[in-house]
Amino acid sequence: MVLRKLPGVSASGMGLRLSQKFVFLLFLSGLVTLCFGALFFLPDTVRLNRGPCLAHLSPEAPPAENRPEMLAPLPPGSTRFNGLSACELFMSYGYLHIKRVIRGDFTDLNLFVLCLQMMKFAWDNYKRYAWGNNELRPLTRNGHLGNMFGGLRGASIVDSLDTLYIMGLMEEYEEAKEWVQNNLDLNSNGEASLFEVNIRYVGGLLSAYYLTGAEIFKQKVMELGEKLLPAFNTPTGIPRGVINLGSGTSWSWGWASAGSSILAEFGTLHLEFLHLSQLSGNPLFTEKVMNIRKLLNKIEKPHGLYPNFLSPVSGNWVQHHVSIGGLGDSFYEYLIKSYLMSDKTDQEAQKMYYSAMEAIETNLVQKSPGGLTYLAEWRGGILDHKMGHLACFSGGMIGIGADDGPAGQRQHYLDLAAEITHTCHESYSPTKLGPEAFRFDAGAEATATRLSDRYYILRPEVIESYMYMWRLTHDPKYREWGWEAVEALEKHCRVDAGFSGIRDVYASTVSHDNMQQSFFLSETLKYLYLLFSDDDLLPLEDWVFNTEAHPLPVIRKRCLQEHSATQDHGQTNLE
Ligand code: DMJ
């Protein structure tokens, strides 16, 4: 569907005009009177913006059937907003947001609503055609299971729980929760990617638990966490990439050189495993990831860089290929986020992150002839002037790390973050969607020169950086760029039964790949929604997003003190 121009959106796509705001607020004040009593039934949005002490934030939102009857749709002909009556908005998109609107602290309701509509459309089609499968195939209108999750099902459901909840899509959230309760069977026996199961299932269930307090998520995530532990049974404790969830046998990817483990895989467990220990009181999860940390900290690094392949047997690097994109990316992300999630107490992570950044700046950061800053890849000292879409998360990462580096570096990091985000935005021409990889050689400036690099699979990384940069700078260009992406997704990726990736971002006639990835629901749409939300919805001081955009609460120092005090008495108050 081509995006129609929304009423109240100015030429740049941003903001409501004063008169429209006035009329809309008048209308809303009527609604306030009408629904006044209803407000007492609403869940406290503060749960999403208060600094949680390992967040059991509040009881779950009231189920749909308990919502006040006065919220029935208005009769035909009444005032509608974006094609929806205010009561439909209220009913469909949740009290969470209408409450924010009534308080008058929304930023741009049109953009909110559009992101909600996109999520609802993606969800409804998944539910209709692929329920219980891992992803939706929107062209053929069926489900896809794939072989990444070892026989686990419902990846799109688990990946969507927190997005639905945050967006206030409560009926959909309830359906998802019910599926987890009744159908998420963890007794599967297939070959799973440790990394993918961790970031999507463990991350998704942890977030859902922290946001809602529903015990079922905690129960499931603890059960799943236990099943991942045998992957660490290697001579070094560095886990292998693939694990059979039934037998616990693990092995390395066939494509990984000489049986090695991948930096971005074994380096992207820390946040989730720390929370598994916090929730269970079992230190084993933390010990496993601290052991990885110890080895990485100790091992000699070429030019201070971390190569992508490491032997789980010898603990030595296997190849000197370094990348901030695929194979390396989220290792760096988890260093800075481990520090932030520890309430800035994990100084080892802090030190490792800033030393890695120094090496990256010395060896990988490049400026193109056209003035674009980019992160090249490094192969034993030789630069490959290519940047992957995956590497575009680094604008946001460098931005959130700007405050805590060496003295006097804050502005430098913010500038670098903005430059990289700008480069990634440049790669989004001309469809306003970006290729899988783009190059800066032979005259290329942030363009894919190979046909095989031209696809876009609904990835989030560029939008993720817009969201962080918006929160950090409030420069309106990030919202404008986000709006461009929304329009492009609607124009090129929306099909009749969901959203699909496309095969060539430069082609004038799009060819769809028939896959609605689960990360589109967990990451791309969530980051867009947060980009157009106020900063107090999941504030960055209180929440850290895992690499699949599942928010995890900062573990406050005082929580740890309380925790150890109660542990001394043989119990935990963190449950
Ligand atoms: C996501 O599953 C995660 O962000 C991961 O870290 C790498 N990329 C995909 C989405 O592009």
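Sequence positions, counted from 1, serve as the residue numbers for this chain.
Between Val158 and His550 the shortest heavy-atom distance is O-CE1, 4.3 Å. The two residues Leu164 and Ala176 have their closest heavy-atom pair at CD1-CB, 4.2 Å. Contact between Glu541 and Val554 at its shortest, heavy atoms only, is O-CG2, 3.5 Å. Of all heavy-atom pairs between Leu139 and His512, the closest is CD1-CB, 3.7 Å. Between Leu279 and Met222, the closest heavy-atom pair is CB-SD, 4.1 Å. Taking all atoms of both residues into account, the shortest heavy-atom contact from Phe273 to Val289 is CB-CG1, 3.7 Å.
Comment: Asp162 engages Lys526 in a salt bridge, judged by a side-chain N to carboxylate O separation of less than 4.0 angstrom. For the pair Glu175 and Lys127, the salt-bridge criterion is met [side-chain N within less than 4.0 Å of a carboxylate O]. No salt bridge links Glu436 with Arg454; every basic N to acidic carboxylate O contact stays at or beyond 4.0 Å. Salt-bridge annotation for Asp403 and Arg410: present, with a side-chain N of the basic residue lying under 4.0 Å from a carboxylate O of the acidic one. Between Asp535 and Arg471 there is a salt bridge, since at least one side-chain N of the basic residue sits less than 4.0 Å from a carboxylate O of the acidic one.
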| said: Go through it in stages, so that I can follow the logic: the residues are Val197 and Lys227, the test is side-chain contact (heavy atoms from CB on, under 4.5 Å), and I'd like the CA-CA distance, side-chain angles, deciding distance and then a yes or no. | reply: CA-CA 11 Å; Val197 168; Lys227 285 179 183 292; over 6 Å; no
| said: Let's go through Phe438 and Tyr374 carefully: what are the C-alpha distance in whole Å and the side-chain angles of both, what is the deciding distance for ring-ring contact (aromatic ring centres under 6.0 Å, His included) to 0.1 Å, and is it a yes or a no? | reply: CA-CA 10 Å; Phe438 44 93; Tyr374 63 97; 8.7 Å; no
| Trace of the side-chain contact (heavy atoms from CB on, under 4.5 Å) decision for Trp131 with Trp179 | CA-CA 9 Å; Trp131 190 240; Trp179 186 89; 3.7 Å; yes
| Intermediate values then yes/no, side-chain contact (heavy atoms from CB on, under 4.5 Å), Thr212 and Phe217 | CA-CA 9 Å; Thr212 70; Phe217 301 130; 3.6 Å; yes
| task | Report the C-alpha separation of Ser277 and Thr286 in whole Å, then their side-chain angles, then the decisive distance to 0.1 Å, and conclude whether the side-chain hydrogen bond (donor to acceptor under 3.5 Å, both in side chains) test is met. | result | CA-CA 6 Å; Ser277 277; Thr286 300; 2.9 Å; yes
| request: Run the numbers on Leu271 and Ser338 for side-chain contact (heavy atoms from CB on, under 4.5 Å), then give the verdict. | output: CA-CA 6 Å; Leu271 304 181; Ser338 295; 3.8 Å; yes
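The shortest side-chain heavy-atom distance between Leu145 and Arg153 falls under the 4.5 Å cut-off. In this structure, Gln516 and Glu135 have side chains that are not in contact, with every pair of non-hydrogen atoms separated by 4.5 Å or more. No side-chain heavy atom of Leu525 sits less than 4.5 Å from a side-chain heavy atom of Cys115. Between Asp159 and Phe520 there is no side-chain heavy-atom pair separated by less than 4.5 Å. In this structure, the side chains of Tyr332 and Ile324 come closer than 4.5 Å at one or more pairs of heavy atoms. Side-chain atoms of Leu211 and Pro551, non-hydrogen and from C-beta on, do get closer than 4.5 Å to each other. Residues His270 and Met341 form no side-chain contact, since every pair of their non-hydrogen atoms from C-beta on lies 4.5 Å or further apart. Phe285 has its side chain out of reach of Leu228: every pair of non-hydrogen atoms, C-beta onward, lies at least 4.5 Å apart.
Under a 3.5 Å cut-off, the side chain of Ser160 and the backbone N or O of Thr163 do not form any donor-acceptor pair. Of the possible donor and acceptor atoms, none in the side chain of Lys344 sits under 3.5 Å from a partner among the backbone N and O of Tyr339. Within the 3.5 Å criterion, the main-chain N or O of Glu523 finds no donor-acceptor partner in the side chain of Glu548. A donor-acceptor contact shorter than 3.5 Å is absent between the side chain of Ser330 and the backbone of Thr547. Between the side chain of His144 and the backbone N or O of Gln517, no donor-acceptor pair lies under 3.5 Å. Thr423 contributes a side-chain N or O that, together with a main-chain N or O of Thr373, makes up a donor-acceptor pair within less than 3.5 Å. Remark: side-chain polar atoms of Asn134 are not paired, donor with acceptor, to backbone N or O of Met148 under 3.5 angstrom. Within the 3.5 Å criterion, the main-chain N or O of Arg459 finds a donor-acceptor partner in the side chain of Tyr456. A distance-only check finds a donor-acceptor pair linking the side chain of Asn198 to the backbone of Thr268 [under 3.5 Å].
For the residue pair Ser511 and Asp504, no side-chain donor N or O sits within less than 3.5 Å of a side-chain acceptor on the partner. Donor-acceptor pairing under 3.5 Å is recorded for the side chains of Glu272 and Tyr334. If you check the side chains of His389 and Tyr428, you find a donor sitting under 3.5 Å from an acceptor. A donor-acceptor contact under 3.5 angstrom links the side chains of Asp513 and Ser500, judged on distance only. Between Ser522 and Arg200, the side chains place no donor N or O within less than 3.5 Å of an acceptor N or O (distance only, hydrogens not considered).
Here CD of Gln181 is found 8.0 Å from CD of Gln219. Values are rounded to the nearest 0.5 Å. Rounding to the nearest 0.5 angstrom, the gap separating the CG atom in Leu521 from the OG atom in Ser156 is 5.5 Å. Considering CD1 of Ile502 and NE2 of His492, their distance stands at 6.5 Å, rounded to 0.5 Å. Separation of atoms CD1 (Ile400) and OH (Tyr413) is listed at 13.5 Å; rounding is to 0.5 Å.
Ring geometry, Phe545 versus Tyr468: the interplanar angle exceeds 60°, so the pair is classed perpendicular (tilted spans 30 to 60°). Using cut-offs of 30° and 60° on the angle between ring planes, the pair Trp481 and His422 is tilted.
Ser465 meets the side-chain contact (heavy atoms from CB on, under 4.5 Å) test with Thr421; sequence neighbours excluded. Judged as a disulfide (SG to SG under 2.5 Å), and not counting sequence neighbours, the contacts of Cys424 are Cys392.
Geometric assessment of Arg137 against the ring of Tyr129 yields a negative cation-pi assignment under the 6.0 Å and 45° thresholds.
Ring centroids of Phe149 and Tyr201 are separated by less than 6.0 Å, placing the two rings close together. For Phe121 and Phe499, the distance between ring centers is under 6.0 angstrom.
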